Amino acid sequence: MITGEFDLIAKIRRQAGTGPEQRLGIGDDCSLLEIPTGFDLLTSTDLLLEAIHFNLEWTDLSCLGHKAVAVNVSDIAAMGGRARCLYLGLGLPEYFEEAQVESFMRGFAAALQEYGVFLAGGDTCRSADSLTLAVTVQGLCPTGRCITRSGAQPGDDLWVSGTLGDSALALQRLKAGISLTPFLAKRHFRPCARAELGKNLGDLGLATAMLDLSDGLAGDLRHLVHASGVGARIEQRQLPQSADFAAAVRQRPDLIELALVGGEDYELLFAAQVADRANLKRLSATLQLPLTRIGAICSGADIVLVTDEGVERELELGGFDHFASAADVTRG
Ligand code: ADP
Ligand code: MG
């Protein structure tokens, strides 16, 4: 049980870091940040709720702290911006021990360092019976350069970073009681935000529309095409697979579906002009991050998947929908 809220905040403060934009951080009624001339401010919030987003039986708290930062940094990257600071709302249940908060903060602080961001404030409160985390992130992008979901045009290529389905494959294995390879464990419990890629795509103006993959390719692509008023055609054989994922699919071909509907990959999905293919190849080499062209944007409103057999099928709405399956704890 935690007794001293102020001691706890003092400990959090020591791990908060700082940045050139920070005038006032933790300790006053508000934080005060300077927005550098020539930049716009991006802000986003994510809730992480016990029994909905994570299960404390499976989840290491330090990994959860790390992930809480990464998923927020990912949202800023998805707009072509650079994350700068975070705010942490903590709702702590009675049974929670101070050592558990420390473990969470260890991962949180490590991720702050990894992504070059700082903790500018938050709120701490007792919660009824489950751990509640609310993380807000703020980031910067050059004025007028942010990449929304709505700019894709027919004829654009559709690209994705990294590999697909790893996190969902890990979850499927956890549920089946199968131990994870270190690669799959990392993809699931300590996802990596594509911070450098997002910022570079924004700075170089290389993406016409973008989002990060949190709900699965099928569902998230639907958001992008709806917002842009276009359709898309993707090729199954182009979907990028990790070695671990490909090995699992060789054993059980139906698992390929996880590359389409599996959530929490935190890769970036973006549309880009055909004329920028060489620029994107160069960026991929510079960042040492695979970028794969998985299809194209078309007119209309449908998403068509070309299967390995060359059959075209319309992609049903997939991905994780909280309100469709709110009682199902499906995420690690
Ligand atoms: P207030 O009563 O104004 O909400 P608090 O006593 O809750 O102030 O918080 C004091 C300071 O500590 C504020 O600057 C707030 O941003 C910061 N703070 C509180 N909880 C957290 C937290 N979990 N993470 C980071 N900063 C926090
Ligand atoms: Mg407060």
Side-chain angles (χ1 to χ4, degrees), residues 1-36 39 41-56 59-77 81-140 189-191 193 195 266 331-332:
M1 198 182 129
I2 294 150
T3 43
E5 181 189 325
F6 295 110
D7 288 352
L8 185 68
I9 295 173
K11 275 187 192 158
I12 290 174
R13 185 180 183 173
R14 286 198 285 277
Q15 295 172 279
T18 187
E21 303 87 354
Q22 179 157 286
R23 297 280 168 270
L24 284 173
I26 293 173
D28 218 309
D29 291 311
C30 288
S31 70
L32 182 68
L33 302 178
E34 184 186 323
I35 302 174
F39 287 86
L41 181 67
L42 295 159
T43 307
S44 171
T45 293
D46 263 313
L47 281 175
L48 281 167
L49 305 176
E50 184 180 349
I52 302 290
H53 299 96
F54 60 90
N55 180 332
L56 284 180
T59 307
D60 172 77
L61 280 162
S62 155
C63 286
L64 185 64
H66 191 277
K67 182 171 172 176
V69 174
V71 302
N72 277 276
V73 168
S74 176
D75 280 320
I76 299 291
R82 190 159 72 96
R84 299 305 308 128
C85 69
L86 296 156
Y87 297 83
L88 173 61
L90 279 177
L92 303 171
E94 194 80 38
Y95 65 78
F96 219 62
E97 303 284 339
E98 194 148 334
Q100 290 178 287
V101 182
E102 282 168 10
S103 171
F104 174 83
M105 282 309 299
R106 234 187 341 272
F108 197 94
L112 292 178
Q113 289 228 330
E114 187 179 325
Y115 293 108
V117 294
F118 55 95
L119 182 60
D123 201 20
T124 306
C125 193
R126 170 89 52 229
S127 84
D129 58 6
S130 61
L131 177 62
T132 304
L133 305 165
V135 184
T136 297
V137 63
Q138 293 188 311
L140 298 170
F189 290 118
R190 274 176 88 98
Y266 299 102
R331 299 173 140 192

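Bear in mind that the values here come from a model prediction, so they are computed numbers and not experimental data. Numbering of ligands and ligand atoms starts at 1, following listing order.
Residue Ile9 places no N or O, backbone or side chain, under 3.5 Å from any N or O of ligand 1.
Within the 4.0 Å heavy-atom criterion, the part of Leu119 lying near ligand 1 is the side chain and not the backbone.
Shown in contact with Asp29 at under 4.0 Å from a heavy atom are these atoms of ligand 1, numbered in order with element: 3 (O). The Gly27 neighbourhood of ligand 1 comprises atoms 11 (C), 13 (C), 14 (O), with distances under 4.0 Å to a heavy atom of that residue. For ligand 1, the atoms lying closer than 4.0 Å to a non-hydrogen atom of Ile12 are 23 (N), 24 (N), 25 (C). Applying the 4.0 Å criterion to heavy atoms of Leu88 picks out, from ligand 1, the atoms 22 (C), 23 (N), 24 (N). Atoms of ligand 1 found under 4.0 Å from any heavy atom of Leu90, numbered from 1 in the order shown, are 23 (N). Atom numbering of ligand 1 starts at 1 in the shown order; those under 4.0 Å from a heavy atom of Asp28 are 13 (C), 14 (O).
Residue Gln138 is tested with Leu86, Thr43, Asn72 for a side chain to side chain contact (heavy atoms under 4.5 Å, CB included); the sole match is Thr43.
Taking 4.5 Å as the limit, every side-chain heavy atom of Asp46 sits out of range of all side-chain heavy atoms of Leu48. Taking the side chain as every heavy atom from C-beta outward, Leu140 and Leu42 never approach each other to under 4.5 Å.
Of all heavy-atom pairs between Ala83 and Val117, the closest is O-CG1, 3.2 Å.
Heavy-atom proximity to atom 17 (C) of ligand 1, evaluated over Ile26, Val135, Leu133, Thr124, is greatest for Ile26.
Checking side-chain atoms of Tyr87 against main-chain N and O of Ser31 turns up no donor-acceptor pair under 3.5 Å. Distance alone, capped at 3.5 Å, is enough to place a donor-acceptor pair between the Arg84 side chain and the Gly116 backbone.
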Exercise. Please report the C-alpha distance between Ser62 and Ser103 in whole Å, then the side-chain angles of each, then the deciding distance to 0.1 Å, and finally whether the side-chain hydrogen bond (donor to acceptor under 3.5 Å, both in side chains) criterion is met.
Key: CA-CA 5 Å; Ser62 155; Ser103 171; 5.2 Å; no
